[in-house]
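We name chains A, B, ... by the order of the sequence lines, and we start the count at 1 in each one.
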Amino acid sequence: MAASDAPLPENGPTRQAFWNRPWVAPLLVFVLVLASWELLVMIFQPPTFLLPSPSLIWQSLAGQFLALMGYGFNTFMEALGGFVIGCGLGLLTAMLVARSKWLSDLLLPFAIASNSVPIVAMAPIAIVWFGIGPWSKVAIVAVMCFFPTMVSTVRGLTSASPDAIALMNSYAASNWQIFTKLRVPSALPFVFNALKICTAVSMIGAIVAEFFGGAVNYLGIYIKTQASILKTPDAWAAIVVACFYGLAFYFAIVLLERWLMPWHRHREQH
Amino acid sequence: MPTAPIIAIDKVSRIYGNANATTVALKDVSLTIEKGELISLVGPSGCGKSTLLRLIADLDTPSQGKITVNGHAPEQARKQREYGFVFQAPTLYDWRTVERNARLPLEVMGRPAGEWQARLDKMLAMVGLRDFHQHYPWQLSGGMQQRASIARALSFDPAILLMDEPFGALDEFTRERMNMELLDIWETTHKTILFVTHSIAEAVFLSSRIVVMTPRPGRIAATVNVDLPYPRNFDTREDPRFFELVTQVRETLKEEFVGHV
Ligand SMILES: Nc1ncnc2c1ncn2[C@@H]1O[C@H](COP(=O)(O)OP(=O)(O)O)[C@@H](O)[C@H]1O
Ligand SMILES: [Mg+2]
């Protein structure tokens, strides 16, 4: 077999050297940042309300861990609700819009322009419409997730190459077959990129929307209240909890992506 | 008993563009292809080879003239799945393994998997991918990807194979081996193959007849019968007659160019 024709090596479960694993470098940076933060606070001793040390934040977190995780869960449920509604509607709209070139040319500029609209600034209006409870936050998150999901999905659904479509036509495939066997699979990477971005967007949207008012057992309200009475280590501890939920949400979507797109798995490293 | 040609092209023209700017991709092209021929379209890029193939495949429609495929209009031939198309790029779907890529036409055409699986396995074995059923396209070299796309085109047993520069992107060694494999396939399956290339040597080596095309406007300059005996092998390329034919085709193209300056 000629060299040019040999299969490329597979990314099998070969044992990589510890230092080459993809998570080692980021972890190292994380630890270094924390250590220098701790050190700098020790040396310069700024007032606690300005910059608490990581160890102090950790104490605050440990002291009220379950309560904070509970607040985090409430906020996360708002984020998740908005995510499901916003991304779901975004996907559905994209499927309708992508059917017609005319319609997507008409609507996409608006959807893209909406990226520069500070949707979260509409939270006070959302409170007027949907009340001070969680639904106003869900609404804000849903709007924030809708546009990026729709834009990416339209791009994905129309991303198949002319030859890939010609191939289907050469089999006299129906439009439905072209949609399910070609357009949807080629859209998946685009969809998942949008969904991953929306995990972060939805946590940010829910927390910031809470700053405008709501019940006390939510992260945003807690952060705002504690910061306003200069209990900043508590606010930082709540931010750590928000990061935890945000990351967990992100990795849940990554798992879903790997499960639905097994062909994509080793590819990025390739 | 004279048989009807499997592909008949009658004074076909294809003009692209609008009122301001037009490209005459094909002008008054007429050609008949008999069943079982391995015929090459050769010519410089832009001479309308791909256009002609796409017209036969009903992936595009002629501006003028008429095409008949297996006695039908191209649209009907396409709907009856009478040809398999091999593109210059392998055009495999990333999300399907080699086997599932090759099965795509069977799925689309609703052919029962049970009945056709044996043929699918045979085609994949024929193109040397027996051990690569479960590989994804990115795990294969360019030559293997193109072979998978050939297996896919053969999987549903079409009467005609339309191939648009299928080996254009491969290195010379892989390409020569693929040429041998294509001849094997042709000799075992008796398909009619319409093969597009811009390599004169490849056209002479493979074909029973060569259609020489020239650009601006795209048209047929000459057809050359290749009287080298089959089966052909590596010695064929060293046969004096091989060189004569290569030279003959090259001269035709040169005359056309000189005549047009
Ligand atoms: N879709 C198209 N729109 C406009 N012009 C085209 C299109 N397809 C091909 N052409 C033109 O038609 C001519 C023939 O193209 P093509 O059939 O691709 O040539 P070849 O395959 O021999 O290189 C070229 O001049 C090309 O630019
Ligand atoms: Mg071409």
Next on the checklist: Under a 3.5 Å threshold, yes or no: a donor from one side chain and an acceptor from the other, between Glu165(B) and Thr197(B)?
Outcome noted: no
Checklist entry - Can a donor-acceptor pair be found between the side chains of Asp60(B) and Tyr16(B) at a distance below 3.5 Å? => result yes
Item to check | Interchain contact, Leu182(A) with chain B, by part (heavy-atom threshold 4.5 Å) | outcome: both
Item to check | Atom group of Ser174(A) that falls short of 4.5 Å from chain B, counting heavy atoms | outcome: neither
Next on the checklist: Heavy-atom cut-off 4.5 Å, strictly under: side chain, backbone, both or neither for Arg81(B) against chain A?
Outcome noted: side chain
Checklist entry - Which answer fits Glu107(B), side chain, backbone, both or neither, if we ask what part of it has an atom under 4.5 Å from a heavy atom of chain A? => result both
Checklist entry - Hey, do the aromatic rings of Trp138(B) and Tyr136(B) have their centres closer than 6.0 Å? => result no
Item to check | Heavy-atom pair count under 4.5 Å with chain A, highest-scoring of Lys79(B), Arg96(B), Arg152(B) | outcome: Arg152(B)
Item to check | Thr199(A) side chain to Lys196(A) backbone, donor-acceptor under 3.5 Å | outcome: yes
Next on the checklist: Parallel, tilted or perpendicular: which one describes the rings of Phe85(B) and Tyr83(B), with boundaries at 30° and 60°?
Outcome noted: perpendicular
